[in-house]
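Structure, as C-alpha coordinates:
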Amino acid sequence: MTMQPDTFKSLVKVAAEQVVACAPELTVLDQAIGDGDHGTNMKRGFEAVLSKLDAIGEMPLNEACKTIGRTLVMTVGGASGPLYGSFFLAAGDALSQKKLPEDLAEVFATGVNAVSARGRSHAGEKTMLDVLVPVLETLKADAGRPDLIERVRTAASEAVARTVPMQATKGRASFLGARSVGHIDPGARSSCVLLHAVCNKLEGRQ
Ligand code: ADP
Ligand code: MG
(Lines give C-alpha, C1' and ligand atoms only; values in the text may rest on other atoms or scores of the structure.)
(Ligands and ions follow the chains in the order given, each with its own letter.)
Protein backbone atom coordinates (compact mmCIF):
# COMPACT_ATOMS: atom_id res chain seq x y z
CA MET A 1 0.00 0.00 0.00
CA THR A 2 1.34 3.41 -0.93
CA MET A 3 0.37 6.55 0.91
CA GLN A 4 -2.02 8.65 -1.11
CA PRO A 5 -1.27 12.36 -1.69
CA ASP A 6 -4.52 13.16 0.12
CA THR A 7 -3.40 11.31 3.26
CA PHE A 8 -0.05 13.05 3.11
CA LYS A 9 -1.84 16.38 2.73
CA SER A 10 -3.93 15.74 5.85
CA LEU A 11 -0.77 14.91 7.85
CA VAL A 12 0.99 18.06 6.65
CA LYS A 13 -2.10 20.08 7.57
CA VAL A 14 -2.33 18.91 11.18
CA ALA A 15 1.43 19.11 11.73
CA ALA A 16 1.59 22.67 10.37
CA GLU A 17 -1.51 23.78 12.30
CA GLN A 18 -0.18 22.28 15.51
CA VAL A 19 3.22 23.96 15.25
CA VAL A 20 1.52 27.29 14.48
CA ALA A 21 -0.67 26.81 17.57
CA CYS A 22 2.43 26.09 19.68
CA ALA A 23 4.33 29.17 18.48
CA PRO A 24 3.90 31.03 21.81
CA GLU A 25 5.35 28.06 23.72
CA LEU A 26 8.29 27.77 21.30
CA THR A 27 8.93 31.49 21.70
CA VAL A 28 9.09 31.18 25.49
CA LEU A 29 11.53 28.26 25.20
CA ASP A 30 13.75 30.22 22.80
CA GLN A 31 13.63 33.28 25.07
CA ALA A 32 15.27 31.19 27.79
CA ILE A 33 18.30 29.94 25.82
CA GLY A 34 18.17 31.69 22.45
CA ASP A 35 16.86 34.91 20.92
CA GLY A 36 13.14 34.25 21.27
CA ASP A 37 12.30 33.88 17.58
CA HIS A 38 11.76 30.12 17.19
CA GLY A 39 7.97 30.40 17.56
CA THR A 40 7.61 33.21 15.03
CA ASN A 41 10.08 31.53 12.66
CA MET A 42 8.15 28.26 12.71
CA LYS A 43 4.77 30.01 12.49
CA ARG A 44 5.86 31.98 9.43
CA GLY A 45 7.24 28.88 7.73
CA PHE A 46 4.36 26.55 8.41
CA GLU A 47 1.74 29.19 7.55
CA ALA A 48 3.52 29.43 4.19
CA VAL A 49 3.25 25.63 3.89
CA LEU A 50 -0.47 25.81 4.75
CA SER A 51 -0.99 28.43 2.03
CA LYS A 52 0.35 25.87 -0.50
CA LEU A 53 -1.56 22.94 0.94
CA ASP A 54 -3.94 22.43 -1.98
CA ALA A 55 -1.05 22.37 -4.46
CA ILE A 56 0.92 20.04 -2.15
CA GLY A 57 -2.06 17.67 -2.07
CA GLU A 58 -1.98 17.39 -5.88
CA MET A 59 1.72 16.47 -6.08
CA PRO A 60 3.44 13.09 -5.94
CA LEU A 61 4.87 12.59 -2.43
CA ASN A 62 8.48 13.32 -3.40
CA GLU A 63 7.55 16.65 -5.01
CA ALA A 64 5.22 17.51 -2.14
CA CYS A 65 7.99 16.90 0.37
CA LYS A 66 10.50 18.96 -1.61
CA THR A 67 8.00 21.81 -1.92
CA ILE A 68 7.65 21.84 1.87
CA GLY A 69 11.45 21.88 2.19
CA ARG A 70 11.90 24.77 -0.24
CA THR A 71 9.10 26.70 1.44
CA LEU A 72 10.67 26.26 4.88
CA VAL A 73 14.14 27.24 3.64
CA MET A 74 12.68 30.42 2.11
CA THR A 75 10.44 31.46 4.98
CA VAL A 76 11.45 30.10 8.40
CA GLY A 77 14.77 31.90 8.76
CA GLY A 78 17.10 31.44 11.72
CA ALA A 79 19.14 28.28 12.10
CA SER A 80 16.06 26.09 12.10
CA GLY A 81 14.80 27.10 8.62
CA PRO A 82 17.65 25.60 6.60
CA LEU A 83 17.71 22.60 8.96
CA TYR A 84 14.02 21.71 8.72
CA GLY A 85 14.21 22.62 5.02
CA SER A 86 17.09 20.17 4.51
CA PHE A 87 15.11 17.45 6.25
CA PHE A 88 12.17 17.73 3.85
CA LEU A 89 14.31 18.32 0.73
CA ALA A 90 16.37 15.19 1.44
CA ALA A 91 13.33 13.13 2.44
CA GLY A 92 11.67 14.25 -0.81
CA ASP A 93 14.69 13.12 -2.81
CA ALA A 94 14.57 9.75 -1.06
CA LEU A 95 10.88 9.43 -1.89
CA SER A 96 11.59 9.38 -5.62
CA GLN A 97 12.94 5.83 -5.02
CA LYS A 98 11.26 4.80 -1.75
CA LYS A 99 7.67 4.30 -0.73
CA LEU A 100 5.59 5.20 2.32
CA PRO A 101 4.77 3.70 4.69
CA GLU A 102 7.03 0.68 4.07
CA ASP A 103 10.29 2.63 3.67
CA LEU A 104 9.49 5.20 6.36
CA ALA A 105 12.60 4.53 8.46
CA GLU A 106 14.90 4.91 5.45
CA VAL A 107 13.20 8.09 4.26
CA PHE A 108 13.29 9.54 7.78
CA ALA A 109 16.97 8.57 8.09
CA THR A 110 17.79 10.48 4.91
CA GLY A 111 16.14 13.57 6.38
CA VAL A 112 17.92 13.21 9.72
CA ASN A 113 21.29 12.76 8.00
CA ALA A 114 20.68 15.92 5.99
CA VAL A 115 20.00 17.90 9.19
CA SER A 116 23.16 16.50 10.73
CA ALA A 117 25.24 17.38 7.64
CA ARG A 118 23.77 20.86 7.32
CA GLY A 119 24.10 21.63 11.04
CA ARG A 120 27.42 19.80 11.48
CA SER A 121 25.72 18.38 14.53
CA HIS A 122 24.86 15.10 16.20
CA ALA A 123 22.60 13.86 18.96
CA GLY A 124 23.74 14.96 22.42
CA GLU A 125 24.31 18.62 21.53
CA LYS A 126 20.88 19.88 22.71
CA THR A 127 19.24 20.43 19.34
CA MET A 128 16.34 19.10 17.29
CA LEU A 129 18.55 16.07 16.55
CA ASP A 130 18.03 14.97 20.15
CA VAL A 131 14.45 14.20 19.15
CA LEU A 132 14.93 13.25 15.51
CA VAL A 133 17.66 10.65 16.18
CA PRO A 134 15.84 8.72 18.97
CA VAL A 135 12.67 8.74 16.86
CA LEU A 136 14.65 7.32 13.95
CA GLU A 137 16.00 4.60 16.25
CA THR A 138 12.43 3.75 17.28
CA LEU A 139 11.27 3.65 13.65
CA LYS A 140 14.08 1.23 12.84
CA ALA A 141 13.76 -0.95 15.94
CA ASP A 142 9.98 -1.12 16.14
CA ALA A 143 8.98 -1.16 12.44
CA GLY A 144 6.01 -3.45 11.93
CA ARG A 145 4.93 -3.45 15.59
CA PRO A 146 1.26 -2.69 16.10
CA ASP A 147 2.12 -0.07 18.73
CA LEU A 148 4.73 1.72 16.59
CA ILE A 149 2.85 5.04 16.64
CA GLU A 150 2.57 4.98 20.42
CA ARG A 151 6.28 4.18 20.69
CA VAL A 152 7.21 7.05 18.39
CA ARG A 153 5.07 9.43 20.41
CA THR A 154 6.68 8.31 23.68
CA ALA A 155 10.19 8.36 22.21
CA ALA A 156 9.67 11.97 21.10
CA SER A 157 8.33 13.18 24.48
CA GLU A 158 11.04 11.41 26.46
CA ALA A 159 13.69 12.78 24.10
CA VAL A 160 12.49 16.35 24.66
CA ALA A 161 12.75 15.86 28.43
CA ARG A 162 16.31 14.55 28.04
CA THR A 163 17.40 17.87 26.48
CA VAL A 164 16.81 19.64 29.83
CA PRO A 165 20.03 18.51 31.58
CA MET A 166 22.11 18.81 28.39
CA GLN A 167 24.56 21.63 27.77
CA ALA A 168 24.20 23.04 24.26
CA THR A 169 27.26 22.76 22.06
CA LYS A 170 25.59 23.81 18.79
CA GLY A 171 23.43 26.75 17.80
CA ARG A 172 22.76 29.98 19.66
CA ALA A 173 22.19 28.23 23.01
CA SER A 174 25.84 27.09 22.97
CA PHE A 175 26.88 30.72 23.56
CA LEU A 176 25.40 30.36 27.06
CA GLY A 177 27.71 27.49 27.98
CA ALA A 178 26.68 25.92 31.29
CA ARG A 179 23.73 28.35 31.55
CA SER A 180 22.00 26.42 28.75
CA VAL A 181 21.52 23.54 31.22
CA GLY A 182 18.08 23.25 32.83
CA HIS A 183 15.95 24.21 29.82
CA ILE A 184 14.13 22.36 27.03
CA ASP A 185 15.68 22.91 23.61
CA PRO A 186 13.17 24.84 21.43
CA GLY A 187 13.97 22.90 18.25
CA ALA A 188 13.64 19.59 20.06
CA ARG A 189 10.21 20.69 21.22
CA SER A 190 9.10 21.83 17.74
CA SER A 191 10.20 18.48 16.28
CA CYS A 192 8.15 16.73 18.96
CA VAL A 193 5.10 18.89 18.20
CA LEU A 194 5.31 18.02 14.50
CA LEU A 195 5.77 14.30 15.21
CA HIS A 196 2.98 14.14 17.79
CA ALA A 197 0.57 15.83 15.38
CA VAL A 198 1.35 13.21 12.72
CA CYS A 199 1.03 10.34 15.24
CA ASN A 200 -2.29 11.66 16.54
CA LYS A 201 -3.70 12.04 13.03
CA LEU A 202 -2.58 8.55 12.05
CA GLU A 203 -4.36 7.19 15.12
CA GLY A 204 -7.48 9.19 14.35
CA ARG A 205 -7.15 11.34 17.47
CA GLN A 206 -7.23 14.63 15.51
P1 ADP B 1 18.15 30.74 15.69
O2 ADP B 1 18.91 29.90 16.67
O3 ADP B 1 18.98 31.14 14.52
O4 ADP B 1 17.47 31.88 16.36
P5 ADP B 1 15.68 29.22 15.77
O6 ADP B 1 15.46 29.91 17.07
O7 ADP B 1 14.56 29.25 14.80
O8 ADP B 1 17.00 29.78 15.07
O9 ADP B 1 16.01 27.68 16.03
C10 ADP B 1 16.76 27.27 17.13
C11 ADP B 1 16.82 25.75 17.16
O12 ADP B 1 17.53 25.28 16.03
C13 ADP B 1 17.56 25.20 18.35
O14 ADP B 1 16.71 25.08 19.47
C15 ADP B 1 18.08 23.86 17.86
O16 ADP B 1 17.16 22.81 18.11
C17 ADP B 1 18.18 24.07 16.37
N18 ADP B 1 19.58 24.16 15.95
C19 ADP B 1 20.39 25.23 16.01
N20 ADP B 1 21.61 24.94 15.51
C21 ADP B 1 21.58 23.63 15.15
C22 ADP B 1 22.50 22.71 14.56
N23 ADP B 1 23.75 23.09 14.23
N24 ADP B 1 22.10 21.45 14.33
C25 ADP B 1 20.84 21.04 14.63
N26 ADP B 1 19.92 21.86 15.17
C27 ADP B 1 20.27 23.13 15.43
MG1 MG C 1 16.06 31.65 17.88
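Counting starts at 1 for both ligands and their atoms, following the listed order. We count residues from 1, following the sequence as given. Side-chain atoms are counted along with the backbone in the values below, which use heavy atoms only and exclude waters and symmetry mates.
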Is the shortest N/O to N/O distance between Asp37 and ligand 1 below 3.5 Å?
yes
Look at atom 17 (C) of ligand 1 and say which protein heavy atom is nearest, naming residue and atom and giving the distance to 0.1 Å.
Met128 CE, 3.9 Å
Among all protein heavy atoms in this structure, tell me which lies nearest to atom 27 (C) of ligand 1, with the distance rounded to 0.1 Å.
Leu83 CD1, 3.3 Å
Tell me, which protein residue and heavy-atom name are nearest atom 2 (O) of ligand 1, and how many Å apart are they?
Arg172 NE, 3.5 Å
Presence of salt bridge, Glu58 and Lys9, under 4.0 angstrom
no
Close side-chain approach of Lys66 and Asp93, heavy atoms under 4.5 Å
yes
If we only count heavy atoms from C-beta on, is the Val14 to Asn200 side-chain gap below 4.5 Å?
no
Got an N/O contact under 3.5 Å between Val115 and ligand 1?
no
Under a 3.5 Å cutoff, is there a donor and acceptor pairing between the side chains of Thr127 and His122?
no
With carbon and hydrogen excluded and only N/O/S kept, which atom of Asp37 is nearest the Mg ion (ligand 2)?
OD1
Would you call the rings of His38 and Tyr84 parallel, tilted or perpendicular, taking 30° and 60° as the class edges?
parallel
How far is atom 13 (C) of ligand 1 from the closest protein heavy atom, and which atom is that?
Asp185 OD1, 3.5 Å
Check Ser80 against ligand 1 and report side chain, backbone, both or neither, counting heavy atoms closer than 4.0 Å.
both
Side-chain heavy-atom pair Pro134, Arg162 within 4.5 angstrom cut-off
yes
Do Ala79 and ligand 1 have an N or O pair less than 3.5 Å apart?
yes
Residue, atom and distance of the protein heavy atom nearest atom 20 (N) of ligand 1 read Gly171 CA, 3.4 Å
Going by atom types only, do Lys52 and Thr71 share a side-chain donor-acceptor pair under 3.5 Å?
yes
Relative to ligand 1, is Val76 under 4.0 angstrom through side chain, backbone, both or neither, heavy atoms considered?
neither
Does any N or O of ligand 1 fall below 3.5 Å from an N or O anywhere on Lys170, backbone included?
no
Atom name, Asp30 (N, O or S, nearest to the Mg ion (ligand 2)):
OD2
I'd like to know if Arg172 pairs up with Asp30 as an ion pair, taking the criterion as any Lys NZ or Arg NE/NH1/NH2 lying under 4.0 Å from an Asp or Glu carboxylate oxygen.
no
Does the pair Lys99/Asp103 count as a salt bridge with the N-to-O cut at 4.0 Å?
no
Check this for me: does any side-chain nitrogen of one of Asp185 and Lys126 sit under 4.0 Å from a carboxylate oxygen of the other?
no
Polar atom proximity, Asp30 to ligand 1 (N or O, under 3.5 Å):
yes
Counting only nitrogen or oxygen atoms and a 3.5 angstrom limit, does Gly78 reach ligand 1?
no
How does Thr127 reach ligand 1, by side chain, by backbone, by both or by neither, if only non-hydrogen atoms under 4.0 Å count?
both
heavy-atom search around atom 5 (P) of ligand 1 in the protein gives His38 ND1, 3.5 Å
Pairs of nitrogen or oxygen atoms closer than 3.5 Å, one from Gly187 and one from ligand 1: do any exist?
yes
shortest atom 23 (N) of ligand 1-to-protein heavy-atom contact is with Gly119 O, 2.9 Å
Below 4.5 Å, heavy atoms only, C-beta onward: do Val131 and Val135 meet side chain to side chain?
yes
Looking only at protein heavy atoms, what sits closest to atom 22 (C) of ligand 1 is Ser121 OG, 3.5 Å
Minimum-distance N/O/S atom that Asp35 presents toward the Mg ion (ligand 2)
OD1
Distance only, no hydrogens: is a donor on one side chain within 3.5 Å (strictly under) of an acceptor on the other, for Glu125 and Thr169?
yes
